[in-house]
> 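Okay, handing you the structure first.
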2 protein chains.
Amino acid sequence: MPKPNAAKKNTSVKRSGRLPRRGVADAAQVASGKAARSRKTQARILDAAEELFSHHGIYGVSIRDIADAAGVDTALLHYHFANKDGIYEAVLLRRAGEINSARTRALDEYALACGGKPSIEGVVRAYLHPVFERLLHGGRGFKNFAALIALANNTELWGGGTVKEYFDPAVQRLIDLLRLVLPKAREEDLYWGYQFLSGALTLSYSRNDRIQGLSRGRCRANDYAAIEPRLVEWCVAGLRALGTRH
Amino acid sequence: MPKPNAAKKNTSVKRSGRLPRRGVADAAQVASGKAARSRKTQARILDAAEELFSHHGIYGVSIRDIADAAGVDTALLHYHFANKDGIYEAVLLRRAGEINSARTRALDEYALACGGKPSIEGVVRAYLHPVFERLLHGGRGFKNFAALIALANNTELWGGGTVKEYFDPAVQRLIDLLRLVLPKAREEDLYWGYQFLSGALTLSYSRNDRIQGLSRGRCRANDYAAIEPRLVEWCVAGLRALGTRH
DNA sequence: GTCTATATGGAGATAGAC
DNA sequence: GTCTATCTCCATATAGAC
């Protein structure tokens with residue numbers, strides 16, 4: 001069994017402070033060609049890790065696999081990210097903030113735009129759309145990230161706490177709005193609703209394509225254009241039902 | 001990366017034919033004390049593997065871990081199951097048939113009992129109840145198995161084909177009945193409905209307990225008594241919505 | 001059927017040259 | 001910042017004794 005965390009003795013974890021942060025790079029870094037190259041290398045490493053992790057899970061991938069896929073030496077991975085956990089964490093953090101602030105923003109904008117009259121459908125759509133937008137137009141990297149999240153979401157691992165901080169606020173904002181639309185709903189039913197929504201959503205962008213075989217080709221697991229409107233209808237109906245329980 | 005399958009050269013995989021099959025054991029096996037002990041040992045190995053796999057995934061667990069947890073030597077695991085893939089497969093197959101034939105049976109019984117007038121709720125309940133029954137009263141082994149299925153369900157691994165044969169018939173029976181209840185539904189919408197149901201269901205018995213933190217303790221992820229009725233309502237409402245799309 | 005002993009490879013990690 | 005060389009440990013797997 002992998003030791004709970006081999007990075008206990010790891011003092012250089014804060015190296016992740018040197019991760020590519022678009023727009024926050026200081027002058028010295030921008031000026032230096034070496035630093036720019038470093039950021040590119042790190043991005044390539046993270047891209048490779050993201051893809052491999054999403055297919056095989058953390059333990060199914062070795063540091064050497066990642067290094068090979070990125071076309072660099074394993075020592076470089078240790079230099080930039082200290083150890084495997086550091087790579088994994090960096091992969092998650094790279095996109096977790098972006099997608100979740102997009103979600104919160106979409107919910108806030110809807111709350112304003114609906115003129116004090118929010119609907120279940122409007123709220124659900126606002127929460128879901130940022131993900132589907134990126135699944136449809138965000139390129140391969142985001143799809144890999146999403147598949148990795150799907151995997152993590154069915155484990156207790158789930159990013160060990162750091163990631164929660166990025167994902168939870170958007171969920172709480174979602175629940176807040178649902179509470180407004182369904183004032184008679186019991187508190188716990190709103191959370192169960194989110195749980196069911198979350199399960200369907202993550203399976204949608206996981207790497208499980210069972211539905212293709214089951215439906216004899218009628219549905220393809222990653223046909224996001226087909227999924228989004230149906231998932232919205234599904235969740236709206238479910239939330240309405242849960243929100244009006246006796 | 002783990003070689004796609006280290007068991008290519010593995011000729012003794014059919015040793016799994018010697019797995020505990022209640023009621024099919026031949027006289028020689030029943031008579032022998034050694035064989036009985038062997039079956040017990042195998043069961044202990046599978047119990048340990050089931051638990052560990054469900055927590056850490058296949059690659060997160062070593063054969064030594066399993067052997068230690070089961071209190072036997074690693075050589076025994078190779079003797080009984082040839083290799084790690086053999087153990088994994090045996091873990092899945094041990095329960096896959098049982099739960100899925102229970103599902104099919106429940107659906108068949110409902111189809112008879114409803115007197116030609118099935119309801120969405122009746123069908124969904126028949127499909128879901130066998131799992132929740134076992135989650136609530138089946139002991140720790142079944143919970144571990146379920147959590148492992150949840151993990152596998154978000155991966156492309158998914159038992160490499162053998163397991164599908166056990167799970168798919170029950171799903172097809174479910175879809176058949178839903179087609180009767182929702183005659184105007186488009187074929188693909190029924191399958192999408194199953195996909196969403198499946199995602200919510202597997203998350204319910206996964207090891208992810210995020211909902212506890214999110215709801216500040218109001219919900220606990222494995223409170224199956226709370227989940228079952230809500231999940232039924234959720235899916236019934238969703239299926240009705242999907243089944244009446246324009 | 002079970003355990004001891006051991007072969008062989010691959011894992012994560014680091015020191016030090018460039 | 002990147003690569004070479006190498007250390008140490010643990011993984012899977014098998015042969016053979018009991």
Side-chain angles (χ1 to χ4, degrees), chain A residues 1-13 15 18-20 25 28-29 31-45 49 52-53 56-68 70-88, chain B residues 1-13 15 18-20 25 28-29 31-45 49 52 56-88:
Chain A
M1 211 136 45
K3 312 101 214 164
N5 193 341
K8 274 282 161 54
K9 53 174 179 178
N10 176 6
T11 62
S12 57
V13 138
R15 227 191 266 283
R18 210 181 293 160
L19 285 185
Q29 277 187 330
S32 159
K34 268 196 178 176
R37 192 176 165 205
S38 167
R39 267 177 287 124
K40 273 196 177 176
T41 304
Q42 290 185 40
R44 257 191 310 138
I45 293 171
L52 290 170
F53 283 153
H56 310 285
I58 314 176
Y59 304 129
V61 176
S62 73
I63 290 192
R64 292 166 129 91
D65 292 334
I66 302 171
D68 288 351
V72 301
D73 192 274
T74 62
L76 253 192
L77 307 213
H78 284 106
Y79 174 77
H80 284 299
F81 305 104
N83 56 30
K84 202 168 159 183
D85 285 350
I87 301 173
Y88 179 65
Chain B
M1 210 137 45
K3 312 102 214 162
N5 193 342
K8 274 283 163 52
K9 54 176 176 177
N10 177 5
T11 63
S12 56
V13 139
R15 226 190 268 281
R18 211 180 294 161
L19 285 187
Q29 276 187 331
S32 161
K34 266 196 179 175
R37 191 175 167 206
S38 167
R39 268 178 287 122
K40 272 196 178 178
T41 305
Q42 291 184 39
R44 258 192 309 137
I45 292 171
L52 290 170
H56 310 287
I58 314 176
Y59 305 128
V61 176
S62 73
I63 290 191
R64 289 164 129 90
D65 293 331
I66 302 171
D68 289 352
V72 302
D73 192 274
T74 62
L76 253 194
L77 308 213
H78 285 107
Y79 174 77
H80 285 298
F81 306 103
N83 56 30
K84 203 167 158 183
D85 285 349
I87 302 173
Y88 179 64

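Proteins get letters first, then strands, A, B, ... in listed order; numbering begins at 1 in each. Computed from heavy atoms alone, side chains included, the values below leave out hydrogens, waters and symmetry copies.
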> Roughly how far apart are B:Leu77 CG and B:Ile45 CD1, rounded to 0.5 Å?
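The CD1 atom of B:Ile45 is 4.5 Å from CG of B:Leu77, to the nearest 0.5 Å.
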> State the CD1-CG distance between A:Ile63 and A:Leu76, to the nearest 0.5 angstrom.
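Rounded to the nearest 0.5 Å, the CD1-CG separation comes out at 12.0 Å.
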> A:Ile63 has a side chain; which of D:dA11, D:dA13, C:dG12 sits nearest to it?
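Of all the options, the side chain of A:Ile63 is nearest to C:dG12.
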> What nucleotide, of D:dA13, C:dT4, D:dG1, holds the atom closest to the side chain of A:Ser38?
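Side chain of A:Ser38 sits closest to D:dG1.
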> Among D:dA11, D:dT2, C:dG12, which nucleotide has an atom closest to any side-chain atom of A:His78?
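Selected nucleotide (nearest to the side chain): C:dG12.
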> Measure across A:Ser38 and A:His80 and return the closest heavy-atom pair with its distance rounded to 0.1 Å.
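Between these two residues, the closest heavy atoms are OG-CE1, 3.2 Å.
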> Starting at CZ of A:Arg39, measure out to NZ of A:Lys34 and round the result to the nearest 0.5 Å.
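Rounded to the nearest 0.5 Å, the CZ-NZ separation comes to 14.5 Å.
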> Among C:dG12, D:dA15, D:dC3, which nucleotide has an atom closest to any side-chain atom of A:Val72?
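Output: D:dC3.
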> Between C:dT4, D:dC3, D:dT2, which one does the side chain of A:Arg37 approach most closely?
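My answer, after comparing the listed nucleotides, is D:dT2.
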> In whole angstrom, give the distance that lies between atom CG of A:Leu77 and atom C1' of D:dG1.
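Result: 13 Å.
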> Heavy atoms from C-beta onward define the side chain here; which of D:dT12, C:dT4, C:dA11 lies closest to that of B:Lys84?
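Nearest listed nucleotide: D:dT12.
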> Measuring to OP1 and OP2 of D:dG1, would you say a side-chain N or O of A:Thr41 lies under 4.0 angstrom away?
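Answer is no, no contact under 4.0 Å.
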> Tell me the interatomic distance from B:Ile45, atom CD1, to C:dG1, atom C1', rounded to whole angstroms.
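Rounding to the nearest Å, CD1 of B:Ile45 and C1' of C:dG1 are 11 Å apart.
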> Please report, rounded to the nearest Å, how far the C1' atom of C:dG12 is from the OH atom of A:Tyr59.
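Atom OH in A:Tyr59 sits about 14 Å away from atom C1' in C:dG12.
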> Out of D:dG1, C:dT14, C:dC3, which nucleotide sits closest to the side chain of A:Ala75?
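Nearest listed nucleotide: C:dT14.
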> Once rounded to the nearest 0.5 Å, what's the spacing between atom CD1 of A:Ile87 and atom CD of A:Gln42?
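Taking CD1 in A:Ile87 and CD in A:Gln42, the distance rounds to 11.0 Å.
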> Within a strict 4.5 Å, meaning less than it, do heavy atoms of the B:Ile58 and A:Tyr59 side chains meet?
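No; the side chains remain at least 4.5 Å from each other.
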> When you measure from the side chain of B:Thr41 to the backbone N and O of B:Arg37, does any donor-acceptor pair fall under 3.5 Å?
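A pair under 3.5 Å: yes.
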> Given D:dT12, D:dT4, C:dG12, identify the nucleotide with an atom nearest to the side chain of A:Arg64.
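Nearest to the side chain of A:Arg64 among the choices is C:dG12.
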> Using five pairs at either end of the helix from C:dG1-D:dC18 to C:dC18-D:dG1, determine the angle between the two local helix axes and round it to 10 degrees.
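The two end axes of the helix from C:dG1-D:dC18 to C:dC18-D:dG1 meet at 10°.
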> A:Asp85 CG to C:dA11 P: how many Å, rounded?
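One finds 17 Å between P of C:dA11 and CG of A:Asp85, rounded.
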> Once you round it to whole Å, what is the distance between C1' of D:dA11 and CG of B:Asn83?
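From B:Asn83 CG to D:dA11 C1': 13 Å.
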> Round to the nearest Å and state the distance from A:Tyr79 atom OH to C:dA15 atom C1'.
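In whole Å, C:dA15 C1' lies 15 Å from A:Tyr79 OH.
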> Mind calculating the distance between CZ (B:Phe81) and C1' (D:dA13) to the nearest angstrom?
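Answer to the nearest Å: 16 Å.
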> Among the candidates D:dT4, C:dG1, D:dT2, find the nucleotide nearest to the side-chain atoms of B:Leu76.
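Shortest atom-to-atom distance from the side chain points to C:dG1.
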> Any side-chain N or O of A:Lys34 under 4.0 Å from OP1/OP2 of D:dG1?
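A:Lys34 to D:dG1 OP1/OP2: no side-chain N or O under 4.0 Å.
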> Judged by each residue's nearest nucleotide on DNA chain D, which is more toward the 5′ side, B:Asp73 or A:Asp73?
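The answer here is A:Asp73.
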> Whole Å only: how far is the CD1 atom of B:Ile66 from the P atom of D:dA11?
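Between P of D:dA11 and CD1 of B:Ile66: 11 Å.
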